[in-house]
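Treat the numbers as computed from the prediction; the structure is a model and nothing was measured. Side chains included, hydrogens not; waters and symmetry mates left out as well; all remaining heavy atoms used.
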Amino acid sequence: MKNNHFCCGILIVILFAKLFPSIGNAGGILKPEITVKYIAVSVIFLNSGLTLPTEELKTAIFQWQLHLLVQGFTFVVFPLIVYGLVSVLQYTFLHPALLEGMTILSTMPPPVSSAIILTKSVGGNEAAAVFNSAFGSMLGIFVTPSLILLLLGSSNVQVPTQKIFQQLFTTVVLPLIIGQIIRNSQYRWLQRQRIPFRTIGHVLILFIIYTTFCATFSRTDIQMDTLSLLSTIVLIFCLQLSFMCFLLLFSSHSMFSFTSNDSVTITYCGTHKSLTLGIPVIEIIFEGDPNISFLSVPLLVYNPMQIVLGGMSISLFRQWLIDQKTKRRRRSG
């Protein structure tokens with residue numbers, strides 16, 4: 001319990017969300033549509049701006065192989081694998097709209113919060129995680145609707161790109177720049193304050209988990225039989241875990257020049273999907289569709305699960321990084 005206090009925190013907030021979903025749901029006391037969407041995300045990027053050396057950020061921007069792998073997996077490999085899987089699963093008992101929801105899920109960009117916090121908690125390449133989360137979110141504004149159009153044949157897609165860009169600039173780019181300015185001008189003062197940046201990150205991710213599960217538990221428009229729901233949960237769990245293992249093993253192969261810290265970043269950023277962009281896109285594209293609630297189920301299951309799996313993998317990834325460093329020392333020695 002002592003070694004996995006963060007995992008215990010995850011279980012506690014999920015239980016609390018189940019008991020009191022209205023508190024953390026949209027319109028509730030905690031106002032997640034403001035506190036999570038704007039304040040929490042802004043603090044995460046301000047946090048990164050304050051703690052990341054500017055040289056690391058500059059170096060991360062030019063790690064084109066890492067960015068190509070993350071974005072290529074996110075927008076090409078992930079959708080293709082899921083599309084092939086859905087083609088097989090259409091012959092099963094699963095509702096066709098659920099399978100379409102799986103395809104929609106596969107087209108989503110990375111989120112702008114969870115992957116960064118988890119990478120930072122493990123000790124991965126945080127600078128690369130910041131770049132890929134921000135760049136992937138902006139790329140997703142255009143790529144995600146196009147992929148949905150290509151894979152499902154939906155038409156008349158009108159996504160409010162200007163509004164989303166403004167939100168991303170306000171909550172992602174601006175706090176990151178402010179954090180860098182403060183770090184470079186007040187570095188010694190920051191060092192003296194001993195601000196618990198890692199604890200702040202953990203609190204924020206627990207807050208995001210709580211509000212996400214509150215939103216999930218508060219959904220009353222999804223009328224689904226227990227077998228279909230359980231099957232969807234098991235399917236998404238296996239899919240997510242398989243992708244995490246694949247990316248970790250693939251990126252740490254000797255044919256690449258990635259460090260162990262890079263592999264952690266690739267694993268988190270490449271497998272995480274954005275709920276913030278996902279739900280609005282589904283509501284815009286499939287407005288009036290009687291099966292719209294089924295279409296959103298895979299994303300509503302995947303998003304909390306990625307945070308829970310990520311949180312529970314922190315200690316494993318930390319140990320893996322230690323083992324990799326030990327192996328490198330033995331080889332060099």
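Judged purely by distance below 3.5 Å, without hydrogens or angles, the side chains of Q63 and N125 pair a donor atom with an acceptor atom. T51 and K120 share a donor-acceptor pair across their side chains, judged by distance under 3.5 Å alone. There is no side-chain donor-acceptor pair under 3.5 Å between S114 and Y268. If you check the side chains of T54 and Q180, you find a donor sitting under 3.5 Å from an acceptor.
Side chain of S133 to main chain of V130: no donor-acceptor pair is present (N/O by atom type, distance under 3.5 Å, no hydrogens or angles). At least one donor-acceptor pair under 3.5 Å links the side chain of S137 to the backbone N or O of P110. Remark: the backbone N or O of D262 is paired with a side-chain donor or acceptor of T259 at under 3.5 angstrom. Between the K273 side chain and the L299 main chain, no donor and acceptor come within less than 3.5 Å of each other. Listed for the N303 side chain is no donor-acceptor partner under 3.5 Å among the backbone atoms of S274. The main-chain N or O of N132 is found under 3.5 Å from a side-chain atom of Q71 such that the two form a donor-acceptor pair. Looking only at distances, no side-chain donor or acceptor of T119 sits under 3.5 Å from a matching main-chain atom of T265. Listed for the R318 side chain is no donor-acceptor partner under 3.5 Å among the backbone atoms of S313.
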Inset, instruction - Would you please test F258 and L66 for side chain to side chain contact (heavy atoms under 4.5 Å, CB included) and show each step? - result: CA-CA 8 Å; F258 299 131; L66 190 153; 3.8 Å; yes
Inset, instruction - Check step by step if side chain to side chain contact (heavy atoms under 4.5 Å, CB included) holds for F207 and V13. - result: CA-CA 8 Å; F207 180 65; V13 296; over 6 Å; no
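No more than 12 heavy-atom neighbours from other residues, nucleotides or ligands sit within 6.0 angstrom of CZ on F237. By the neighbour-count criterion of 12 heavy atoms within 6.0 Å, atom OH of Y83 is sparsely surrounded, having that number or fewer from other residues, nucleotides or ligands.
With contacts defined as side-chain heavy-atom distances shorter than 4.5 Å, the pair T144/P109 qualifies. Counting only heavy atoms from C-beta outward, the side chains of I236 and M102 approach each other to under 4.5 Å. In this structure, L118 and V122 have side chains that are not in contact, with every pair of non-hydrogen atoms separated by 4.5 Å or more.
A cation-pi contact, defined as under 6.0 Å to the ring centre and within 45° of the axis, is absent between K31 and Y38.
Applying the side chain to side chain donor-acceptor pair (under 3.5 Å) test to E100 and every residue at least two apart in sequence or in another chain returns nothing.
Under the ring pair (Phe, Tyr, Trp, His ring centres under 6.0 Å) criterion, the residue pairs touching residues 92-138 are H67-F131, H95-F294, F131-F135, with sequence neighbours excluded.
The aromatic rings of F16 and Y210 sit tilted relative to each other, their planes meeting at an angle between 30° and 60°. Between F243 and F73, the angle of the ring planes goes over 60°, which puts this pair in the perpendicular group of the 30/60° scheme.
With rounding to the nearest 0.5 angstrom, the OG1 atom of T211 is 10.0 Å from the CD atom of E33.
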